Each structure stands twice: as structure tokens, then as C-alpha cells.
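The structure appears right after this line, and notes come after that.
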Protein chains: 2
Amino acid sequence: MTVTIRDVAKKANVGIATVSRVLNDNPAVSPSTREKVLKAIEDLDYTPNPTAQRLSLGRTHTISVILPFLTIPSFVERLRGVQHAMADCGLDCEYDLVLYGADTSERIDYLFSILPRKSRTDGILILSLRPDEIQVQRMLQSDVPIILVDVTYPKFSSVYVDNFKGGMMATQYLLGLGHHKIAFLSDYLKNVFRFSAMKDRFDGYCQALKDAGIEFNPAYHRQVPHDREQAREVAKEWLAGEHRPTAIFASSDMQAIGALFAARELGLRVPEDLSIIGFDDIRDAELVGLTTIRQPLFESGYTGAMMLLDRLRTGNKETKTVLQEIELVERKTTAPIS
Amino acid sequence: MTVTIRDVAKKANVGIATVSRVLNDNPAVSPSTREKVLKAIEDLDYTPNPTAQRLSLGRTHTISVILPFLTIPSFVERLRGVQHAMADCGLDCEYDLVLYGADTSERIDYLFSILPRKSRTDGILILSLRPDEIQVQRMLQSDVPIILVDVTYPKFSSVYVDNFKGGMMATQYLLGLGHHKIAFLSDYLKNVFRFSAMKDRFDGYCQALKDAGIEFNPAYHRQVPHDREQAREVAKEWLAGEHRPTAIFASSDMQAIGALFAARELGLRVPEDLSIIGFDDIRDAELVGLTTIRQPLFESGYTGAMMLLDRLRTGNKETKTVLQEIELVERKTTAPIS
DNA sequence: TTGAAAGCGCTAACAC
DNA sequence: GTGTTAGCGCTTTCAA
């Protein structure tokens with residue numbers, strides 16, 4: 001049925017070891033036999049069975065990427081970065097990229113417990129998901145290289161940004177524009193994915209407020225799912241309410257855009273009547289002219305994958321953490337208070 | 001080092017076959033030994049080696065998805081559909097989803113030649129890529145189930161839409177609004193990915209024009225890469241030129257949005273001075289209020305994956321084609337000519 | 001109900 | 001240089 005190494009050996013009148021040598025570019029094969037073997041391979045349209053190679057080699061030639069959803073553009077950007085790193089290393093033919101969507105806590109738990117095993121995968125990239133204590137212990141036991149992207153954790157290699165600083169930057173910027181009634185529209189600070197970025201941004205927001213001598217107003221903090229529509233609803237409540245904020249800092253661009261829609265819907269002018277700042281700088285941010293805190297999304301995946309690939313190549317086990325820079329991108333949704 | 005079935009067998013004082021039976025829910029195991037084995041598995045934190053299972057079973061437990069890029073939102077949506085279908089079938093633990101980015105013709109050729117083998121993968125979903133004659137022949141030879149999404153081809157199962165009709169719908173709609181100078185802004189009609197959708201839409205556009213007794217004006221057709229910026233440039237040329245079209249039909253929403261930007265940049269009001277219609281109905285379309293031809297993106301991936309999964313389960317080899325419905329979504333970028 | 005052993009297709013150590 | 005052979009860790013006959 002399917003062609004195996006034995007068929008090739010027979011056809012070329014050599015042993016299977018010789019075929020294997022040719023396949024693996026072992027120099028200890030005479031040019032003439034190599035020729036014969038290559039011919040047989042060609043004739044039979046033979047391809048080595050990857051599963052058999054993997055079992056024999058004890059390596060899976062597989063890189064696993066775990067991410068929450070594909071609905072959130074920032075995850076897709078990071079994933080793109082991973083793909084490109086593999087291609088740039090010329091390793092996209094060497095390694096298979098296996099994608100695991102982790103959108104429930106059960107699924108996350110399952111993946112975190114089942115995946116970090118040498119027999120499963122050669123390496124793991126975890127995007128934006130923060131493992132809990134138990135999961136961390138298990139991962140630390142396993143000898144599978146794991147890289148965290150958009151999250152840091154002691155003893156793990158990671159690529160991340162300073163979200164606290166980002167939260168401060170955004171808030172201070174609005175403060176500098178003369179805003180005092182600054183609302184913070186965020187993801188759920190506690191969530192099954194254990195995203196921590198939002199919490200850090202919130203803390204940065206609070207700190208900046210405090211530094212400016214402004215008391216934190218709980219009414220100006222609402223938590224909604226990471227979703228445009230839900231953000232819009234909440235923003236509408238704020239904007240239609242009595243103590244309307246003059247500025248909204250959203251913990252993600254998607255939510256900021258939701259707020260932008262809410263403003264439009266209520267006939268408020270942005271930035272004249274309301275300033276809005278987001279976080280991430282996804283592609284849509286440019287589209288709508290959103291002022292935001294940019295973090296390197298594509299690069300985070302790229303760098304994380306590079307670290308993993310490097311570790312796979314060198315076997316170097318030391319943990320390495322990369323802090324990426326963030327920056328304020330001023331566009332058209334923020335202005336001095338009038 | 002790693003725990004194997006032999007370790008479990010030893011610990012439970014049984015043969016490896018018995019352990020295997022327990023793993024595979026074979027009823028021919030007495031409750032008491034099953035108990036023993038389960039205990040040993042638990043104690044040793046044993047997980048079967050998937051590679052070994054695959055080799056032994058002769059199945060890879062892998063589904064391959066080939067797509068051009070993750071930069072284009074429509075592909076991501078289709079991919080999401082695939083993920084969800086797997087989860088809804090409860091098969092996301094059974095099958096690994098392997099992602100192959102195919103962004104050059106070499107890579108496409110490589111993937112199309114290497115992937116369709118039983119030893120490689122259990123099934124393949126090809127998104128938006130149209131294989132050429134040679135590749136088709138090879139695929140037809142292979143006994144790996146292949147489903148095309150966003151493409152049809154004789155003898156292949158596929159999920160697709162009538163792009164010709166879509167092209168006509170968009171054009172007729174603009175015609176109905178009184179427009180006569182309708183430009184068609186498209187992808188390259190010939191491209192390494194052999195996307196054919198754009199060509200069909202173009203043909204639909206031409207047909208609608210013809211039906212209305214309007215001669216096709218080559219100056220009103222430009223081809224650019226599937227990219228917002230490039231589309232914007234071209235649109236600007238049209239809009240700043242002498243024979244400015246009163247309407248633009250873009251072969252994708254991304255390009256339509258590029259055109260929208262161009263109009264804004266030149267101070268043209270949309271839809272008062274210029275009507276714009278796109279194709280796809282990606283999420284951004286709603287964001288900017290773009291009128292467009294909607295095709296079911298998520299559903300295409302979902303349906304394709306379902307077909308594949310079903311075929312994997314039943315072994316049913318007959319080819320099946322699903323034509324999905326498209327519809328015109330009127331938003332705020334189109335209006336009667338003034 | 002259970003265990004021994006063959007076999008999945010490959011790699012690599014070991015002989016020649 | 002090249003062939004023989006022993007694994008890699010499973011599943012699955014086939015006997016018992």
C-alpha cells in the first residue's frame with residue numbers, strides 16, 4: 001500500500017540502513033549508491049513516515065501553541081509572529097505547528113496537564129495564559145521547553161511588557177490633557193484565563209490617579225468581557241449617566257473601539273466631548289484613529305518562538321526573560337479637555 | 001525517564017496488553033484488574049505516547065489546515081470555524097490541528113506534494129488555495145481526505161460561494177443606485193495562490209455591466225495586492241483623476257476600507273460623493289459601516305471541518321459540495337447617485 | 001480474562 | 001561503505 005523504506009531498499013538493492021543514511025544526509029554513502037537510492041526514492045515517490053521517525057528519534061518535531069481565542073486580534077498577531085519565526089529559521093518544514101485553542105478552564109487545565117511531556121511535543125508556547133500554581137508545578141517537572149508570551153512567571157522563560165507602566169502612561173497622558181474624570185473600562189480582572197495584563201494596567205491606572213492626588217472612584221471602573229459589544233453597552237451607561245467621565249481608558253483596543261461606538265451612538269464627539277485611549281495597537285486602532293498604548297504583538301510571538309527554537313537547537317536550559325518596550329501612539333481620539 | 005506502558009504493567013503486575021486494554025476501554029478486563037491498572041497509571045502519572053499509538057494504529061490523529069496568511073481576517077475566521085467544529089464534535093482532544101502557512105508558491109507546492117499522505121495526516125483542509133493540475137493529480141491519488149474551503153474543484157469535496165453571483169449582486173446594486181462609473185478594485189486576478197474568487201467576482205461585475213448596456217472601461221479596473229494600503233493608493237489615483245468613478249466595488253472588504261480611507265483623505269464624503277461596496281463582511285466592515293456582500297466565513301470553516309470529521313468517522317468517500325448563500329448587507333457607504 | 005509476541009516504519013549501534 | 005539487527009512504545013492477534 002504505502003511505500004516504506006524497505007520498498008526503497010529492495011528497489012535500490014541496498015539495505016534499509018543505507019536508505020536511511022541517504023535520507024539523513026549521512027556522508028558515509030558512496031556517490032553511486034546514493035544515486036541509486038535517490039532514483040528509487042524518486043521512482044516510488046517515497047516519503048519517510050514522520051511518525052516512525054519521531055518514535056525512533058524520540059522527538060516529536062512538533063511545536064505546540066496554546067492560545068485562548070482567535071477572535072481577539074492580538075492573539076492572532078502573536079501567532080503570526082510564531083509562524084514567521086519558524087519560517088525565518090527555515091524550520092517550518094522541520095517542525096509542525098500544532099494549534100490548541102484554550103477557551104474554557106477545563107480545556108486549559110487539560111492542555112496544561114497533558115501537553116508538557118516529551119512524548120507529546122518538543123516545545124510549548126503559551127500565549128497570554130497564566131498557569132496556576134498546580135499547573136506550574138507540573139510544567140516545571142516536565143523537561144519540555146516552555147515559553148510564556150505576554151505573561152511572566154518565576155523560573156519560566158518569557159516575553160512580556162510592563163503593563164503597570166502602560167496603565168500609568170495612559171492615565172498620566174489623560175491627566176496631562178487636563179482630564180480628571182477618567183473611567184477605566186476593563187476585562188474581568190479575575191478570569192479563567194488568568195490574564196494578568198489587565199490587572200496590572202488597572203493598578204497602573206490607580207497609581208497614576210493617586211500620584212495626581214485624585215481619588216479612585218469605583219463607579220469609574222467596570223469590568224466586561226473582552227468584546228466590542230459589551231464594552232459599548234457599558235460605555236453607553238457611563239456616557240448617558242449623570243457623572244459622565246471626560247475620558248475613558250480601555251484595557252484593550254477592542255473595548256476602546258466599543259466605547260468609541262457608544263460615543264458616536266450618543267452623538268458625542270470624540271475627542272471634543274470625550275477622550276478615549278486603548279491598549280495594544282491592533283490593526284483596527286489605526287483604522288479608527290485610536291490613540292493607544294502600543295505593545296509589540298507580532299514581535300512577541302516572533303521573539304518567543306525564536307527563544308524556543310534556539311533552545312531546541314542548543315539544548316540551553318537557562319531561563320531568559322525579555323521585556324519589550326511599549327509606547328504611546330497619539331492619534332485622533334484624545335484631546336485636551338475643553 | 002519517561003513512563004511507558006511497561007512501567008505501568010510492572011507496577012500493576014499485569015501484562016502490557018492488559019494496560020493497553022484499559023487505556024482503550026476494552027470491556028474484556030475484569031473490574032479488579034482494571035482497578036489495579038488505573039491505580040498504577042494514576043500513581044505514575046502515565047500518559048500513553050501518542051507517537052507510538054499513531055505508528056501502531058497507522059493513523060496520525062492529526063488534521064492539517066493549509067492557509068495563505070493570518071493577516072487576512074477572512075482566513076482567520078474560517079480557521080476559527082474549523083476549531084469550533086472540532087470542539088463541538090468533542091474531537092479537539094482526539095485530533096491535533098496542525099497549521100501550515102502557505103505564503104509562497106514554493107511553500108504551497110511543497111505542502112501540496114508532501115502533505116497528502118496517510119503517513120502524514122488523517123485529513124486536510126485547504127483554505128482559499130486552488131491547487132494546480134499537477135497538484136490535483138497527486139491529491140487525487142492519495143487516499144487522504146481533502147476538503148476545499150472557498151474553492152471548488154471537480155472530484156473534490158468543497159464548501160464555497162457563488163462569487164460570480166456576488167460580483168453581479170454588488171454591481172447591480174450600484175447600478176440600481178444610479179451609478180454608471182463603477183470602478184472595480186481587485187486583487188491580482190492571477191496570483192501564486194490561484195485564488196479564483198476575485199476573478200469570478202470580476203466576471204460578475206463585467207456581466208452586470210454588460211447586462212445594463214454599459215461598456216467595460218479598463219481604466220476602471222485595477223489590480224493590487226490584498227492589502228489596505230495598496231488599495232488606498234490606487235483609489236486615490238482614481239479619485240484624484242479626471243474621470244473619477246462615482247462608485248467603487250472592491251473585491252474584498254480590506255480593499256474597500258482602503259478605498260474608504262482614500263476618500264476621507266481627499267475630503268470626499270462617503271456615500272454622498274462616492275459609494276463603496278466590499279466583499280466578505282469581515283468584522284471591520286461593521287466597524288466602519290461598510291456596505292458589502294456577506295459570505296459566511298466562520299461557517300465555511302465550520303462546515304468544511306464537519307465534513308472532514310464526518311468522513312474520518314464514517315469512512316464515507318463520496319465527494320460532497322456545499323454551496324453557501326451570500327447576501328448584500330447595506331450599511332452606510334452606499335447611496336443613490338446625487 | 002489475560003499474557004507473550006509480532007509488527008507499525010524508522011534510526012543507529014554494531015559488525016563486516 | 002554497507003547490511004543486520006535491536007530498539008522506540010504502542011496495539012492487536014493468538015494461545016492459554
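Please read all numbers here as calculations on a predicted model, not as lab measurements.
Taking the six-membered ring where the residue is Trp, the centroids of B:Phe69 and B:Phe193 are separated by under 6.0 Å. In this structure, B:His84 has its ring center under 6.0 Å from that of B:Phe298.
Look at B:Thr18 and you'll find a side-chain N or O under 4.0 angstrom from OP1 or OP2 of C:dG3. The side chain of B:Gln53 contributes an N or O atom lying less than 4.0 Å from OP1 or OP2 of D:dT11. Close to D:dC10, at under 4.0 Å from its OP1 or OP2, lies no side-chain N or O of B:Ser20.
Look at CD1 on A:Ile5: it is 12 Å from C1' on D:dG3, rounded to the nearest Å. D:dT12 atom P lies 13 Å from atom CG of B:Asp25, rounded to whole Å. Across the protein-nucleic acid pair, A:Arg59 atom CZ and C:dG9 atom P stand 21 Å apart, rounded to whole Å. Going from atom CG of B:Asn26 over to atom C1' of C:dT2 covers 11 Å, rounded to whole Å. The separation between A:Leu23 atom CG and C:dC10 atom C1' is 9 Å, rounded to whole Å. Here the P atom of nucleotide D:dT2 and the CG atom of A:Asn13 are 13 Å apart, to the nearest Å.
In the displayed structure, A:Lys118 atom NZ is contacted under 6.0 Å by more than 12 heavy atoms of other residues, nucleotides or ligands. Counting non-hydrogen atoms of neighbouring residues, nucleotides and ligands closer than 6.0 angstrom, the CD1 atom of A:Ile134 reaches no more than 12 such neighbours.
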Begin from the C-alpha positions of A:Leu312 and A:Leu91 and carry the test side chain to side chain contact (heavy atoms under 4.5 Å, CB included) through to its verdict. CA-CA 11 Å; A:Leu312 256 23; A:Leu91 258 30; over 6 Å; no

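The pair A:Lys39-A:Glu42 fails the salt-bridge criterion, with no side-chain N (NZ, NE, NH1 or NH2) lying under 4.0 Å from an Asp/Glu carboxylate O. A salt bridge is absent between B:Arg130 and B:Asp150: the closest approach of a Lys/Arg side-chain nitrogen to an acidic carboxylate oxygen does not fall below 4.0 angstrom. Taking 4.0 Å as the cut-off between side-chain N and carboxylate O, A:Asp96 and A:Arg54 count as a salt-bridged pair. Of the charged side-chain nitrogens involved, at least one lies within less than 4.0 Å of a carboxylate oxygen, so that B:Arg107 and A:Asp92 count as a salt-bridged pair. A salt bridge is absent between B:Arg138 and B:Asp132: the closest approach of a Lys/Arg side-chain nitrogen to an acidic carboxylate oxygen does not fall below 4.0 angstrom.
Looking at every heavy atom in both residues, A:Thr152 comes nearest to A:Ser158 through CG2-OG, 2.9 Å.
A heavy atom closer than 4.0 Å to some atom of DNA chain C occurs in no member of residues 31-39 of chain A.
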Under-3.5 Å N/O pairs linking protein and nucleotides 4-8 of chain C:
| from | atom 1 | to | atom 2 | distance (Å) |
| --- | --- | --- | --- | --- |
| C:dG7 | N2 | B:Ser56 | OG | 3.2 |
| C:dC8 | O2 | B:Ser56 | N | 3.4 |

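Inter-axis angle, ends of the helix from C:dT1-D:dA16 to C:dC16-D:dG1, five pairs per end, rounded to 10 degrees: 40°.
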